[in-house]
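Structure first, then comments.
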Protein chains: 2
Amino acid sequence: MLNRTDKSELSETKRKLLDEGIKLMRLKGYNATTVDDICAAAGVTKGGFFHYFKSKEDIAREAIVRFGEGRSEEIIDAPFRKIKDPLDRVFGRLDFIKDSVGGASRLTKGCLIGMLAQEISTTHPSLRGICQDAFLRMAEDFAKDLAAAKAAEAPKAQFDPKSLALLYISIFQGSTMMAKVSESNDVLLGNIEQFRQYLKLLFGLTAVKSRN
Amino acid sequence: MLNRTDKSELSETKRKLLDEGIKLMRLKGYNATTVDDICAAAGVTKGGFFHYFKSKEDIAREAIVRFGEGRSEEIIDAPFRKIKDPLDRVFGRLDFIKDSVGGASRLTKGCLIGMLAQEISTTHPSLRGICQDAFLRMAEDFAKDLAAAKAAEAPKAQFDPKSLALLYISIFQGSTMMAKVSESNDVLLGNIEQFRQYLKLLFGLTAVKSRN
DNA sequence: GTTAACATACCAACTAGTCTGTATGTTAAA
DNA sequence: TTTAACATACAGACTAGTTGGTATGTTAAC
């Protein structure tokens, strides 16, 4: 039987390799994940692997893109998207992220892009660009909502939506690192709340204590 | 001739190995840095390496500690430490960090601890703990100044110094990742400014635009 | 002559990638 | 409708190079 049912679809085997590759690289990074690991996890042999990918770097590239697209789809379909008020939509996004991270007990599996970004930026320049693009797309998506919220709620406020979005990405990535290292989501969840607080202050939603 | 001039001092060879190891791992990470790389950079042979370190994991452990101590010394000796007013000292620290990162053109070489943290957290559990300790020490040091500033300037403000310090560490680490991936310090420097802005808002130093 | 501080040669395990084989289908000429 | 030619999707053995680590010197200080 044929696996590829349509020209644009991935074969079952390739999809399995990609998904297991993503899983392993999210956990152990690029170098510590071997091609044999991926093959074993996917139940495919070397021949199968190199039929679909011309090198290890190649599967990493496709994995980053697939992971990015997956995240982007999750966010596009997320319930907060339907919130009409732009500022509420911004806060809704933060709630959604907290939900998808899970409780303080369950640890994040982390972001593949963040995991690979540091490890391969200097050693695999072509992958670096792919990671950068993925980050910029995420930032751009958030920046749109922030810009809409600013226009509607505080047009005179002194902040740049794009910079704010990049700050958010940085906080999330840094916090994910802290989560891995501390084996807990506490700091990650706390930091998202602090970012929310920063937004509230920028939008003038919270009274600031006067200096005594 | 003897290299070790005093019982507590590192021999010249070991110091060289450590420093070159730090340099390489900061750049390429743990797995992509080979023992041979370090030996070549330090001008030492394998025999010399394994005389001082019982394994690659061992030099990584010592490298993390040495790097952490080095950073901690730099910060202890930094000029901002002499600032009397605690809140000014907090802001002075941010200025110091920006200075030591360098201009937007020169890219950061990054933080060794952050570089290794993600890569080894799952694969080398004992190194994970070392990284965690290093982060907590940094956070603790900053948290002290934040607590002093809070006590002096805004005792009623609604923030926890320790959490704020951990947010700062997260922002710095995440921003460093963005710097590597974008080959620019722009986001890193911008994010430090945004953190400063957040602090100002928490301390009630900045007028918040009213909603229109 | 014992020990610290290396140097050199070497090894076993691993790793990315290749090569050849093969089963299964597809296409199109006869 | 048979068949030859070709393509796709793997399997599995193999290889060349790398890697962390070891075993065995050698040298010089004490």
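Proteins come first, then strands; the chains are lettered A, B, ... in the order of their sequence lines, and each starts at number 1. As a basis for the values below, the full set of heavy atoms in this structure was taken, side chains included, without hydrogen atoms, waters or symmetry mates.
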Atom pairs under 3.5 Å, N or O on each side, protein against nucleotides 18-20 of chain D: can you list them with distances?
| unit_1 | atom_1 | unit_2 | atom_2 | d |
| --- | --- | --- | --- | --- |
| D:dG20 | OP1 | B:Lys56 | NZ | 3.0 |
| D:dG20 | OP2 | B:Val35 | N | 3.0 |
| D:dG20 | N7 | B:Lys46 | NZ | 3.4 |

Suppose we screen for side chain to side chain donor-acceptor pair (under 3.5 Å). Which residues come up paired with A:Asp37, at least two apart in sequence or across chains?
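Side chain to side chain donor-acceptor pair (under 3.5 Å) check on A:Asp37 returns A:Lys28, A:Thr34.
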
With sequence neighbours excluded, what pairs up with A:Gln118 under the side chain to side chain donor-acceptor pair (under 3.5 Å) test?
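Partners of A:Gln118 by the side chain to side chain donor-acceptor pair (under 3.5 Å) criterion come out as none, since no residue qualifies.
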
So, is B:Thr13 near the phosphate of C:dC6, with a side-chain N or O under 4.0 Å from OP1 or OP2?
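Yes, because at least one side-chain N or O of B:Thr13 sits under 4.0 Å from OP1 or OP2 of C:dC6.
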
Quick check on C:dC6: is either OP1 or OP2 less than 4.0 Å from any side-chain nitrogen or oxygen of B:His51?
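No, no such contact exists.
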
What pairs with B:Lys14 under salt bridge (charged side-chain N to carboxylate O under 4.0 Å, His left out), at least two apart in sequence or on another chain?
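Per chain and number, B:Lys14 pairs via salt bridge (charged side-chain N to carboxylate O under 4.0 Å, His left out) with B:Glu62.
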
Going by salt bridge (charged side-chain N to carboxylate O under 4.0 Å, His left out), name the residues that satisfy it together with B:Arg66, two or more places apart in sequence or in a different chain.
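For B:Arg66, the residues satisfying salt bridge (charged side-chain N to carboxylate O under 4.0 Å, His left out) (neighbours in sequence not counted) are B:Asp19.
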
I need the full list of salt bridge (Lys or Arg N to Asp or Glu O under 4.0 Å) pairs touching residues 127-140 of chain B, with sequence neighbours left out, sorted by first then second residue.
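Qualifying pairs: A:Glu183-B:Arg128, B:Glu140-B:Lys162.
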
For B:Thr45 and A:Glu57, find the nucleotide of DNA chain C closest to each by heavy atoms; which residue's nucleotide sits nearer the 5' end?
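Counting from the 5' end, the first nearest nucleotide belongs to B:Thr45.
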
Please determine whether side chain to side chain contact (heavy atoms under 4.5 Å, CB included) holds for the pair B:Leu18 and B:Phe53, giving the CA-CA distance in whole Å, both sets of side-chain angles, and the decisive distance to 0.1 Å.
CA-CA 10 Å; B:Leu18 270 174; B:Phe53 304 101; 3.8 Å; yes

Nearest-angstrom distance from the residue atom CZ of B:Phe49 to P of C:dA4
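Answer to the nearest Å: 20 Å.
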
Atom OH of A:Tyr52 to atom C1' of C:dG17: distance rounded to whole Å?
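So the two atoms are 18 Å apart, to the nearest Å.
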
Excluding sequence neighbours, so at least two apart, what forms ring-ring contact (aromatic ring centres under 6.0 Å, His included) with B:Phe172?
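B:Phe172 satisfies ring-ring contact (aromatic ring centres under 6.0 Å, His included) with no residue once adjacent residues are dropped.
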
State which residues pass ring-ring contact (aromatic ring centres under 6.0 Å, His included) with B:Phe135; sequence neighbours excluded, sorted by chain then number.
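If we apply the ring-ring contact (aromatic ring centres under 6.0 Å, His included) test to B:Phe135, skipping adjacent residues, there are no hits.
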
Provide a list of protein-nucleic acid N or O atom pairs under 3.5 angstrom, restricted to nucleotides 20-23 of chain C.
none

